[in-house]
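Residue numbers start from 1 in every chain, and the chains themselves are labelled A, B, ... in the order their sequence lines are given, proteins ahead of strands.
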2 protein chains.
Amino acid sequence: MAVTLKDIAEKVGVTESTVSRVLNGIPKASEETRKEIFQVAADLGYKPNQIARSLVTKKTNTIGLIISDLANTYFARVASGIENIASKYEYSLIISTTGGQEKEELKYINLLKEKQVDGILFASGRMPESCRKLLRETEIPTVVVAREVEEDLPSVHINNVKESYKAVKYLINNGHQKIAMISGNANDKESGLYRIQGYKQALCDNNLEIKEELIVEGNFKLKSGIKAMEEILKKDDSITAVFAASDEMGVGAIKAVKKAGLKVPEDISVVGFDNNIISLASDPELTTISQPEEELGWRSMEMLYKVINGEELEEKKIYLSCELKKRASVRRL
Amino acid sequence: MAVTLKDIAEKVGVTESTVSRVLNGIPKASEETRKEIFQVAADLGYKPNQIARSLVTKKTNTIGLIISDLANTYFARVASGIENIASKYEYSLIISTTGGQEKEELKYINLLKEKQVDGILFASGRMPESCRKLLRETEIPTVVVAREVEEDLPSVHINNVKESYKAVKYLINNGHQKIAMISGNANDKESGLYRIQGYKQALCDNNLEIKEELIVEGNFKLKSGIKAMEEILKKDDSITAVFAASDEMGVGAIKAVKKAGLKVPEDISVVGFDNNIISLASDPELTTISQPEEELGWRSMEMLYKVINGEELEEKKIYLSCELKKRASVRRL
DNA sequence: CTGAAAGCGCTTACAG
DNA sequence: CTGAAAGCGCTTACAG
């Protein structure tokens with residue numbers, strides 16, 4: 001059996017209350033009993049039962065992370081950032097993956113409530129109204145990660161419109177005028193739609209024509225990038241550059257260009273998004289927008305910490321900015 | 001305030017015990033009170049407090065995962081596999097990352113004990129004696145993931161010697177005789193040492209000479225692969241193939257070969273290890289050994305489940321085998 | 001079929 | 001400086 005406060009108390013000849021106080025560093029006990037209590041606790045290998053403690057303090061020192069998919073590099077890095085800072089704050093992390101499914105999201109919010117977590121970090125697709133409602137009812141402090149959200153929930157994310165704009169502007173600054181895009185799905189309001197908006201905005205602001213047929217949809221994966229690029233080349237082989245909404249698709253684009261007997265960047269320049277390791281593995285290395293995944297993680301955890309402890313938030317919505325990584329896949333025209 | 005059993009009991013006019021039994025599906029209450037209890041519970045939005053429940057049942061339905069690093073693709077995928085099956089078994093997952101540091105590992109074992117987890121999955125570097133000892137004392141059911149371990153702890157992993165052998169044998173079968181290796185650190189008894197052993201064994205069994213100077217150490221990262229390959233080319237430009245202990249290093253090798261003005265696979269063939277996405281991003285695509293990360297994850301979770309429930313294990317050590325992915329980076333001589 | 005009681009391992013006023 | 005008591009929200013024999 002595990003050793004309890006009672007065991008220590010009996011052995012020392014004091015009461016559980018005293019042992020509890022001493023072990024928790026509450027004010028003065030006689031130096032003598034203090035010493036003895038610590039001694040006996042160590043001898044017996046006492047480990048406080050946090051479950052029992054949580055029941056009375058109503059704090060579990062654990063927070064729940066609801067996330068789409070750990071096998072995805074991007075989310076894995078966000079999770080990593082969260083874990084690092086959580087452990088610094090002495091919070092444990094319960095991780096639940098949802099695949100972006102609303103049903104799973106609801107299930108886990110309920111579960112985390114039952115487990116009495118002190119707070120929730122939500123990094124799983126767009127947050128449906130049902131989740132918001134449930135979160136409100138359960139009254140668990142929540143911060144949304146990597147998603148803009150209409151709700152007044154605190155959140156930390158990047159500005160996808162602005163960052164895409166930056167990528168496309170870079171191509172324009174390098175003299176490109178006929179720029180295609182390999183996008184995500186426009187129904188995905190985040191990396192899908194917003195990155196398209198940034199692309200269009202950049203063209204528009206620079207008096208370049210937006211041709212809808214030059215925006216080809218992929219699913220962020222490498223293969224879809226290949227297919228999309230092939231389609232683009234078939235449609236219009238006079239383009240000189242392409243902006244891909246993910247590095248995987250960007251690398252796919254490079255592959256397709258080469259397969260078509262053309263060269264990157266001599267014939268076609270490519271810019272990606274993410275700064276995934278594959279952007280460095282490709283040949284040529286892919287120019288890309290570097291997302292601060294780890295920072296997204298730790299900033300959200302910091303925010304949540306403040307919310308839990310009732311501290312004021314200076315900003316309810318934090319936008320982190322991304323860095324343009326200039327590499328060999330873009331040429332100056 | 002959260003609604004409790006007591007609230008329901010009062011409203012229905014029965015006792016907490018009855019409510020508890022009904023909600024837990026314990027045998028027969030009158031159909032009438034059952035209905036009413038469920039009704040009231042739903043109306044009040046009752047959610048059982050699992051902390052209170054755990055205190056009495058001595059089960060938390062959560063397991064702890066001690067893992068090196070979530071930002072690392074390999075471990076992230078292992079974690080993903082674990083999470084998927086854990087949630088199927090209705091276990092929550094507390095994830096703690098250690099960076100492979102013994103001190104952190106010990107800290108988290110203690111913490112998980114205090115949190116009364118039902119079991120631990122250990123996927124963090126070689127397990128030091130101190131951890132084994134602590135695990136024994138705390139008596140938490142444990143399964144080791146992706147690491148061979150002398151101890152009689154159950155474990156699931158791949159056979160690094162055998163899989164490396166397979167990779168090198170493939171090169172030999174394709175007519176290669178002068179094969180270099182980009183290895184990990186030999187002090188790392190797993191992917192470091194064992195992959196070197198497999199390489200040597202394959203050469204040996206095929207009467208090829210082992211030249212220590214053709215084994216150059218990297219750190220599994222892309223850059224180190226480039227450096228190692230440059231060194232190898234400097235030492236002996238008559239080699240026709242290289243086996244890299246990771247895909248990142250393999251891709252690095254390809255880059256170095258190209259930079260030296262040679263071609264892959266025409267001049268030098270390359271085989272990697274992992275089947276990381278970058279093996280597909282590289283040009284040419286990298287032939288590699290595909291590790292079953294997700295399966296590593298779920299098999300270990302399944303094993304742990306059995307241990308927790310006192311079921312007999314047919315095998316205490318499970319070896320999963322890897323698949324050789326034949327791609328364009330190897331040529332037949 | 002249901003109640004009353006004890007207990008899980010802690011913490012925390014309240015006294016003294 | 002320390003005890004005695006109550007309580008956190010449940011479950012589970014034990015009666016009846």
Side-chain angles (χ1 to χ4, degrees), chain A residues 1-38 40-41 44-62 110-118 138-139, chain B residues 1-38 40-41 44-62 110-118 138-139:
Chain A
M1 277 315 314
V3 6
T4 69
L5 280 188
K6 201 169 156 202
D7 299 326
I8 302 179
E10 281 174 358
K11 200 139 184 185
V12 178
V14 290
T15 218
E16 285 179 62
S17 333
T18 306
V19 179
S20 170
R21 281 187 215 108
V22 168
L23 259 24
N24 285 307
I26 306 282
K28 48 248 133 168
S30 74
E31 193 51 36
E32 204 175 349
T33 49
R34 280 176 54 84
K35 263 192 187 160
E36 203 179 344
I37 287 173
F38 279 119
V40 173
L44 264 39
Y46 174 71
K47 300 205 174 48
N49 181 328
Q50 300 291 358
I51 294 293
R53 167 186 263 244
S54 292
L55 186 56
V56 11
T57 60
K58 289 171 171 335
K59 288 209 47 176
T60 50
N61 268 281
T62 107
N110 276 316
L111 181 62
L112 291 171
K113 174 66 177 180
E114 293 186 358
K115 298 232 166 178
Q116 315 293 124
V117 296
D118 297 336
T138 55
E139 296 182 319
Chain B
M1 274 315 316
V3 7
T4 70
L5 281 188
K6 202 169 157 201
D7 298 326
I8 303 177
E10 280 172 0
K11 202 142 185 183
V12 177
V14 291
T15 218
E16 285 180 63
S17 332
T18 306
V19 179
S20 170
R21 281 187 215 109
V22 168
L23 259 24
N24 285 307
I26 306 284
K28 47 248 134 168
S30 73
E31 194 51 35
E32 204 176 348
T33 48
R34 279 175 55 84
K35 264 192 187 158
E36 203 179 345
I37 287 173
F38 279 118
V40 173
L44 264 40
Y46 173 70
K47 298 204 176 50
N49 181 326
Q50 299 292 357
I51 293 292
R53 168 187 263 246
S54 291
L55 186 57
V56 12
T57 61
K58 293 180 168 325
K59 286 209 48 174
T60 51
N61 268 281
T62 108
N110 276 316
L111 180 63
L112 291 172
K113 174 67 179 182
E114 293 186 357
K115 298 232 166 179
Q116 315 295 124
V117 295
D118 296 336
T138 55
E139 296 182 320

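Side-chain atoms of B/Ser54 come within 3.5 Å of backbone atoms of B/Lys59 as a donor-acceptor pair (strictly under, hydrogens ignored).
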With both pairing distances under 3.5 angstrom for Watson-Crick or G-U wobble, and | for a partner in another strand, the correct string for DNA chain D is |||.||||||||.|||
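The minimum heavy-atom distance linking A/Lys115 with B/Thr62 is given by the pair NZ-CG2, 3.0 Å. Closest non-hydrogen pair, B/Tyr46 versus B/Leu23, comes out as CE2-CD2, 3.8 Å. Contact between B/Leu5 and B/Ser20 at its shortest, heavy atoms only, is CD1-CB, 3.8 Å.
Checked against side-chain hydrogen bond (donor to acceptor under 3.5 Å, both in side chains), A/Lys6 has no partners two or more places apart in sequence or in another chain. With sequence neighbours excluded, no residue satisfies side-chain hydrogen bond (donor to acceptor under 3.5 Å, both in side chains) with B/Lys11. Among residues two or more places apart in sequence or in another chain, the side-chain hydrogen bond (donor to acceptor under 3.5 Å, both in side chains) test is passed with A/Asp118 by A/Thr60. Under the rule for a side-chain hydrogen bond (donor to acceptor under 3.5 Å, both in side chains), A/Glu16 has no partner lying at least two apart in sequence or in another chain.
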Encode nucleotides 10-16 of chain C as B, S and - characters from 5' to 3', where the letter depends on protein heavy atoms closer than 4.0 Å: B to the base, S only to sugar-phosphate, - to neither.
-> BBBB---
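Going from atom CG of A/Leu55 over to atom P of C/dC8 covers 14 Å, rounded to whole Å. The CD-C1' distance, from A/Gln50 to D/dC8, rounds to 15 Å in whole Å. Across the protein-nucleic acid pair, A/Leu23 atom CG and D/dT2 atom P stand 14 Å apart, rounded to whole Å. Rounded to an integer number of Å, the gap from A/Glu114 CD to D/dG9 P is 15 Å. Whole-Å rounding puts the A/Arg34 CZ to D/dC1 P distance at 11 Å.
Distances shown here put a side-chain N or O of A/Thr33 below 4.0 Å from the OP1 or OP2 atom of D/dT2.
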